[in-house]
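Worksheet for the structure shown next.
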Amino acid sequence: MKIGELAEHTGCSIDTIRYYEKAGLLSAAPRSASNYRHYSATHVDELRFIRNCRALDMTHEEIRTLQASRAAPEQSCASVNDLIDEHLEHIAQRIALLQHLQSDLSTLRQHCQNAGRSGDCAILQDLAENTERESKLPDNHVPGSHAH
């Protein structure tokens, strides 16, 4: 099948398929004499696996690790369990950070109960003057992915 058919079968955009190929997550498709890529059922399976991992917010490196384990079905799956445990811990840390962020925003919102002039807005004043908050937050806002 051509790339458009693969996209239809998997619900994945053509650009994303090309991106996963370039990133080395999706195996390269052989090319025809007219230089079109031809994808197989194996590519459908690979792409579904990748998309399921991404839906769980896994990094490319985590996906590669899982793919390697999947390609060696006789090996122990202990590394898969370890990866999932580590990912669960990361998610727990992100949830705690998001809960803290929610609390900070709720407190901030309470500073201004009635809309008035923006020059008198306690929220804007707090955001401009509060140095305690900026020292507590990471440089990259709320992290969405993690590195190993």
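Every heavy atom of this structure was used, including side-chain atoms; hydrogens, water molecules and symmetry mates were not. In this chain, numbering begins with 1 at the start of the sequence shown. As the structure is a prediction and not an experimental result, all values here were calculated from the model.
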| field | Tyr39 and Ile17, any side-chain heavy atoms less than 4.5 Å apart | value | yes
| task | Please check if atom NE2 in His9 has more than 12 non-hydrogen atoms from other residues, nucleotides or ligands closer than 6.0 Å. | result | no
| request: Establish whether Leu88 and Leu83 are linked, either directly or via other cluster members, by ILVMFWY side-chain heavy-atom contacts under 4.5 Å. | output: yes
| query | Side chains of Ile14 and Leu6: does their closest heavy-atom pair fall under 4.5 Å? | reply | no
| said: Can you tell me how far apart CD1 (Ile63) and CZ (Arg51) are? Round to the nearest 0.5 Å. | reply: 11.5 Å
| task | Output yes when Asp104 and Arg109 qualify as a salt bridge under the 4.0 Å nitrogen-oxygen rule, no when they do not. | result | no
| said: I need the single residue from Glu89, Gln93, His87 that forms a side-chain contact (heavy atoms from CB on, under 4.5 Å) with Ile91. Which is it? | reply: His87
| message | Does Arg31 qualify as a cation-pi partner of Tyr36, given the criterion of NZ or CZ under 6.0 Å from the six-membered ring centre and within 45 degrees of its axis? | response | no
| query | Are Glu61 and Arg64 ion-paired here, with the side-chain N under 4.0 Å from a carboxylate O? | reply | yes
| query | Does some side-chain heavy atom of Ser27 sit less than 4.5 Å from a side-chain heavy atom of His43? | reply | yes
| field | Derivation and outcome, side-chain contact (heavy atoms from CB on, under 4.5 Å), residues Tyr20 and Glu46 | value | CA-CA 10 Å; Tyr20 288 150; Glu46 287 177 12; over 6 Å; no
| field | Spatial distance of atom OH (Tyr19) from atom SG (Cys12) [nearest 0.5 Å] | value | 12.0 Å
| said: Quick one, Arg54 with Thr59, criterion side-chain contact (heavy atoms from CB on, under 4.5 Å). Give me CA distance, side-chain angles, the key distance, then yes/no. | reply: CA-CA 7 Å; Arg54 291 297 300 142; Thr59 64; 5.5 Å; no
| field | Minimal non-hydrogen separation, Met1 against Glu5, with atom names | value | CA-OE1, 3.3 Å
| field | No-hydrogen, no-angle side-chain donor-acceptor test under 3.5 Å, Ser69 and Gln75 | value | no
| said: To check you understand the geometry: which heavy-atom pair defines the closest contact between Ser118 and Leu124, and what is its length? | reply: O-CD1, 3.5 Å
| task | Supply the atom-to-atom distance Ser79 OG to Leu66 CG, rounded to the nearest 0.5 angstrom. | result | 8.0 Å
| task | Using the side chain to side chain donor-acceptor pair (under 3.5 Å) rule, take His100 and Ser103 through it: C-alpha gap first, then chi angles, then the decisive distance, then the call. | result | CA-CA 5 Å; His100 182 67; Ser103 175; 5.7 Å; no
| Pairwise distance CZ(Arg18) to CG(Leu26) - rounded to 0.5 angstrom | 12.5 Å
| query | Short question: side chain of Glu129, backbone of Asp126 - any donor-acceptor pair under 3.5 Å? | reply | no
| said: So, taking the atom named CG in Leu47 and the one named CG in Leu25, what distance separates them when rounded to the nearest 0.5 Å? | reply: 10.0 Å
| Exercise: identify the closest heavy-atom pair between Ser13 and Ala7 | C-CB, 4.5 Å
| Please walk me through it: do Ile84 and Met58 pass side-chain contact (heavy atoms from CB on, under 4.5 Å)? | CA-CA 9 Å; Ile84 296 300; Met58 293 184 180; 3.4 Å; yes
| Would a 4.5 Å heavy-atom cut-off, applied to side chains only, mark Arg37 and Glu21 as touching? | yes
| Could you state the interatomic distance from OG1 (Thr10) to CD1 (Ile50), rounded to the nearest 0.5 Å? | 10.0 Å
